[in-house]
Amino acid sequence: MHTDLNFSGKEAKMKRTRIIALLLSDQAIGHVLIKGWVKTRRDAKDFSFIEINDGSCLQNIQVVADLGMANFDAVKKLSTGSAVAVHGALRPSPGKGQKWEIQALSIEIISIAPDEFPLQKKRHTDEFLRTISHLRPRTNKYGAAFRIRSTLSFAIHRFFQERGFAHVHTPILTGSDCEGAGELFQVTALDMENPPRSGGAIDYSRDFFHRSANLTVSGQLEAELFALALGDVYTFGPTFRAENSNTSRHAAEFWMVEPEMAFSDLNDDMDLAETFIRYLVTYALENCREDLGLFAGFVDKTLMDTLGIIAAKPFIRIPYAEAVDILSRSGHHFNFDVSFGTDLQTEHERYLAETHFNQPVIIYDYPKTIKPFYMRVNDNGGTVAAMDVIVPRIGEIIGGSQREERLDVLESRMAETGVPPENLWWYLDSRRFGSVPHSGFGLGFERLVMLVTGISNIRDVIPFPRTPGNIEF
RNA sequence: UCCCCAGUAGCUCAGUCGGCAGAGCAGGUGGCUGUUAACCACCGUGUCCGUGGUUCGAGUCCGCGCUGGGGAGCCA
């Protein structure tokens, strides 16, 4: 409880109002309480303007403190980053630049940020802010980015729940080590200084799970099992890849959205992917207007055009063979040659999405030799029912396919690609007992946030990025 | 993992031909004004990433290493 004489019992019990609610108010309010952090302070001799932000929105609210206040000397020393509680009146601001301000009755200093506080009023580089990931959400840009991330996360659940998809929590710890999606992080409870051995090798039969275990690289296989029970499902969870990727688009820990639909083919899959992305972009445009304005103004001047195109125009859909044809006829010089049977390089995808079409493109029916075992083999025998969604600036944001539902074909594909069937006996069981055509895809959530905000480095759209050599926070 | 670039004050950066280590911002003090990245005056701040070398002399040139960034591969 407050001991300050400025606070009556009634004030002390008052609940704080979020700044966003006050800024949207359509009338003056006689008495409000806000709590937040000082962004900046502008002093006059007998009064002081203090900008307060509480994270509820990008904008600060201006608090006017004056000489009549008991602790005015202390208030005039409030530093950037300090935390305060302000009782006062919401009233129209006579100054330019804001509709409302708070005439303070009292300001309780909750805590002072000393001048070592590393965030200035001025702009910092993203590189510097990455070294203080624990403080960067207090900046305008990162606050906005993480509010948008939260909104998109909610929109994903809303999209699927509205359409009758069930959310499945697929496991983080997994014993299957051959999902064919990159290098694995191993998980163990053994004493790695002195592990039990059998012969020369470490004896994982004495580990926690009586076998070796890993962090998941994808929830897809488990999601398929649930699609074959609940019909339409989705996962939304963290995935882990121990790849030594040093790029602005890869992280070792990232969040993936993986819908899976029973009784559906590749066209259904492409329809869902396109509807999904356009829904999310539209949702952000409608619900993150102020935060998006920051990114459109300071991060990517073309952002609103890009998002507008995605929301408004149907995606281009072309078979892989046609994409190869367009690229080889383009007359454009590529560092990697294009020919049927080789995977499309980043430069090829970007040429299609940014130069040739300048809008999202779905490429489908890839050669089976460059795709994993679970994708359904087309009737021609040479391609699989795979699809990638390519968007400007990001490249591949979605990869998906119709899954191989025929047991015999699946088994021969596993043999071809060197996947031991005994490790996936439970997956094969789904093709033995009531197998049906089904399809799904994976969307990299961070890449979606990059697309929507215009942020160009994946390290800046996830709160605490994990990349090679970086796990400080 | 490969190619390229960078590392100088708390932050952002300049530093010429190898010759005394600089500016803006932030911070401090005072002033002034319903201020808006406020303004004016004054004040302090250095392992020039580390290491070895060339040189009378290295922030500057060379080797090695570390860290960061951009691009590529792998992928989402």
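Atoms considered below: every heavy atom in the structure, side chains included; atoms not considered: hydrogens, waters and symmetry mates. We name chains A, B, ... by the order of the sequence lines, and we start the count at 1 in each one. Just so it is clear, the structure is predicted and the values come from calculations on it, not from any experiment.
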Q) Rounded to the nearest 0.5 Å, how far apart are OG1 of A:Thr174 and CG of A:Leu221? A) 8.5 Å
Q. Side-chain N or O of A:Arg249 less than 4.0 angstrom from OP1 or OP2 on B:C74?
A. no
Q) Does the side chain of A:Arg42 get closer than 4.0 angstrom to OP1 or OP2 of B:U35 through an N or O atom? A) no
(Q) So for A:Thr247 and B:G71, does any side-chain atom that can act as donor or acceptor lie under 3.5 Å from a complementary atom in the base? (A) no
Q | Any A:Arg41 side-chain nitrogen or oxygen under 4.0 Å from OP1 or OP2 of B:A38 | A | no
Q. Who is the Watson-Crick or G-U wobble partner of B:G30, with both distances under 3.5 Å?
A. B:C40
(Q) By the 4.0 Å heavy-atom rule, please label A:Pro118 as base, sugar-phosphate, or nothing. (A) nothing
Q) Given that both distances must come in under 3.5 Å, which nucleotide forms a Watson-Crick or G-U wobble pair with B:C2? A) B:G71
Q) Roughly how far apart, to the nearest Å, are B:G50 and B:A14 at atom C1'? A) 24 Å
(Q) Is there aromatic stacking of A:Phe254 on B:A76 here, judged by a ring-centre distance under 5.5 Å and a plane angle under 30°? (A) yes
Q.
When you measure only distances, ignoring hydrogens and angles, does the side chain of A:Glu347 come within 3.5 Å of the base of B:G71 through a donor and an acceptor?
A. no
**Q.** Result of checking A:Phe236, A:Phe276, A:Trp255 against A:Phe445 for ring pair (Phe, Tyr, Trp, His ring centres under 6.0 Å)
**A.** A:Phe236
Q.
Students often get this wrong, so: under 4.0 angstrom with heavy atoms, is A:Glu446 touching a base, only sugar-phosphate, or nothing?
A. nothing
Q: Would you indicate which nucleotide in B:U12, B:G34, B:G73 comes nearest to any side-chain atom of A:Phe128?
A: B:U12
Q: Searching all strands shown, indicate the nucleotide that pairs with B:A76 (Watson-Crick or G-U wobble; both distances under 3.5 Å).
A: none
Q. How far does the C1' atom of B:U51 sit from the matching atom of B:C13, given to the nearest Å?
A. 26 Å
Q) Does A:Phe159 have A:Arg163 sitting over its ring (NZ/CZ under 6.0 Å from centre, angle to axis within 45°)? A) yes
Q.
Let's see if you can work this out: which of B:C75, B:C13, B:U35 has an atom nearest to the side-chain heavy atoms of A:Thr125?
A. B:C13
Q. If you check every side-chain atom of A:Thr346, which of B:C75, B:G71, B:G34 has the closest atom?
A. B:C75
Q) Over how many whole Å does the gap from A:Asn470 atom CG to B:G68 atom P extend? A) 7 Å
Q: Please work out which of the three classes, parallel, tilted or perpendicular, describes the rings of A:Tyr283 and A:Tyr279, given edges at 30° and 60°.
A: parallel
Q.
For a quick check, tell me whether the side chain of A:Ser245 and the base of B:C74 share a donor-acceptor pair closer than 3.5 Å.
A. yes
Q: Select base, sugar-phosphate, or nothing to describe what A:Asn335 touches, counting heavy atoms under 4.0 Å on all strands.
A: nothing
Q: Quickly work out the A:Lys76 NZ to B:G28 C1' distance and round it to whole Å.
A: 15 Å
Q | Between B:C17 and B:C56 - P atom distance, rounded Å | A | 22 Å
(Q) Looking at every heavy atom in both A:Ile19 and A:Ser56, which two are closest together, and how far apart are they? (A) N-OG, 3.5 Å
Q | Gap in Å between the two P atoms, one belonging to B:C61 and one to B:A6, rounded | A | 10 Å
Q) Which sits closer to the 5' end of RNA chain B, A:Asp46 or A:Arg447, going by the nucleotide each is nearest to? A) A:Asp46
Q: Could you tell me the separation between the CG atom of A:Leu184 and the P atom of B:C75, rounded to a whole number of Å?
A: 14 Å
Q | Residue A:Arg459, side-chain atoms from C-beta onward, closest of B:U12, B:G69, B:G34 | A | B:G69
Q. With distance as the sole criterion, do the side chain of A:His250 and the base of B:C75 form a donor-acceptor contact below 3.5 Å?
A. yes
Q. Hey, does A:Ser93 reach any base, or is it just sugar-phosphate, or nothing, if we go heavy atoms under 4.0 Å?
A. base
**Q.** A:Asn246 (side chain) and B:U1 (base): donor-acceptor pair under 3.5 Å
**A.** yes
**Q.** Whole-Å P distance, B:C74 and B:G15
**A.** 39 Å
(Q) Determine whether A:Tyr234 and A:His157 satisfy the following criterion, ring pair (Phe, Tyr, Trp, His ring centres under 6.0 Å), listing intermediate values before the conclusion. (A) CA-CA 9 Å; A:Tyr234 68 104; A:His157 286 291; 5.6 Å; yes
Q | Aromatic plane relationship, A:Tyr320 with A:Phe340 - under 30° parallel, 30 to 60° tilted, over 60° perpendicular | A | perpendicular
(Q) Over all strands shown, is A:Ser48 touching base, sugar-phosphate only, or nothing at heavy-atom distances under 4.0 angstrom? (A) nothing
Q) Who does B:G18 pair with, Watson-Crick or G-U, both distances under 3.5 Å? A) none
Q) Parallel, tilted or perpendicular for A:Phe160 and A:Phe165, by the 30°/60° rule? A) tilted
**Q.** Whole-angstrom distance between B:C25 and B:C40, as gauged at atom P
**A.** 8 Å
**Q.** Complementary nucleotide of B:G63, counting Watson-Crick and G-U pairs under 3.5 Å
**A.** B:U51
Q) Between B:A76, B:G70, B:U36, which nucleotide has the shortest distance from any of its atoms to the side chain of A:Glu51? A) B:U36
Q: For nucleotides B:A58 and B:G69, find the distance between their P atoms and express it as a whole number of Å.
A: 32 Å
Q: Starting from P on B:C75, measure out to CZ on A:Phe185 and report it in whole angstrom.
A: 17 Å
Q. For A:Ile132 and B:G68, what is the distance between atoms CD1 and P respectively, to the nearest whole Å?
A. 16 Å
Q) Where the side chain of A:Gln345 is concerned, which of B:A38, B:G71, B:G73 is the nearest nucleotide? A) B:G73
Q) Any sub-3.5 Å donor-acceptor pair from A:Glu260's side-chain atoms to A:Gln220's backbone N or O? A) no
Q) Does A:Arg91 make a side-chain donor-acceptor contact with the base of B:G34, cut-off 3.5 Å? A) yes
Q) Looking for any heavy atom pair under 4.0 Å, which part of the strands does A:Leu119 touch: base, sugar-phosphate only, or nothing? A) nothing
Q) Does a nitrogen or oxygen in the side chain of A:Ser218 sit under 4.0 Å from OP1 or OP2 of B:A76? A) no
**Q.** Identified pairing partner of B:G10, criterion: Watson-Crick or G-U wobble below 3.5 Å
**A.** B:C25
**Q.** Mate of B:U35 where both pairing distances stay under 3.5 Å, Watson-Crick or G-U
**A.** none
Q) Between A:Arg317 and A:Glu274, is there a salt bridge with N-O shorter than 4.0 Å? A) yes
Q.
Which nucleotide wins on minimum distance to the side chain of A:Met256, given the candidates B:A76, B:U35, B:G34?
A. B:A76
Q: Measure the distance from CZ on A:Arg130 to C1' on B:U67 and round it to the nearest whole Å.
A: 13 Å
Q: Report yes if a donor N or O on one partner sits less than 3.5 Å from an acceptor N or O on the other, where the partners are the side chain of A:Glu127 and the base of B:U67; otherwise report no.
A: no
Q: Could you measure between the two P atoms, the one in B:G7 and the one in B:U16, and give it in whole Å?
A: 12 Å
Q | Whichever of A:Glu396 and A:Gly469 has its nearest RNA chain B nucleotide further upstream toward 5' | A | A:Gly469
Q: Find the distance A:Glu472:CD to B:G68:C1' and express it as a whole number of Å.
A: 15 Å
Q | A:Glu258 CD - B:C75 C1' separation (whole Å) | A | 13 Å
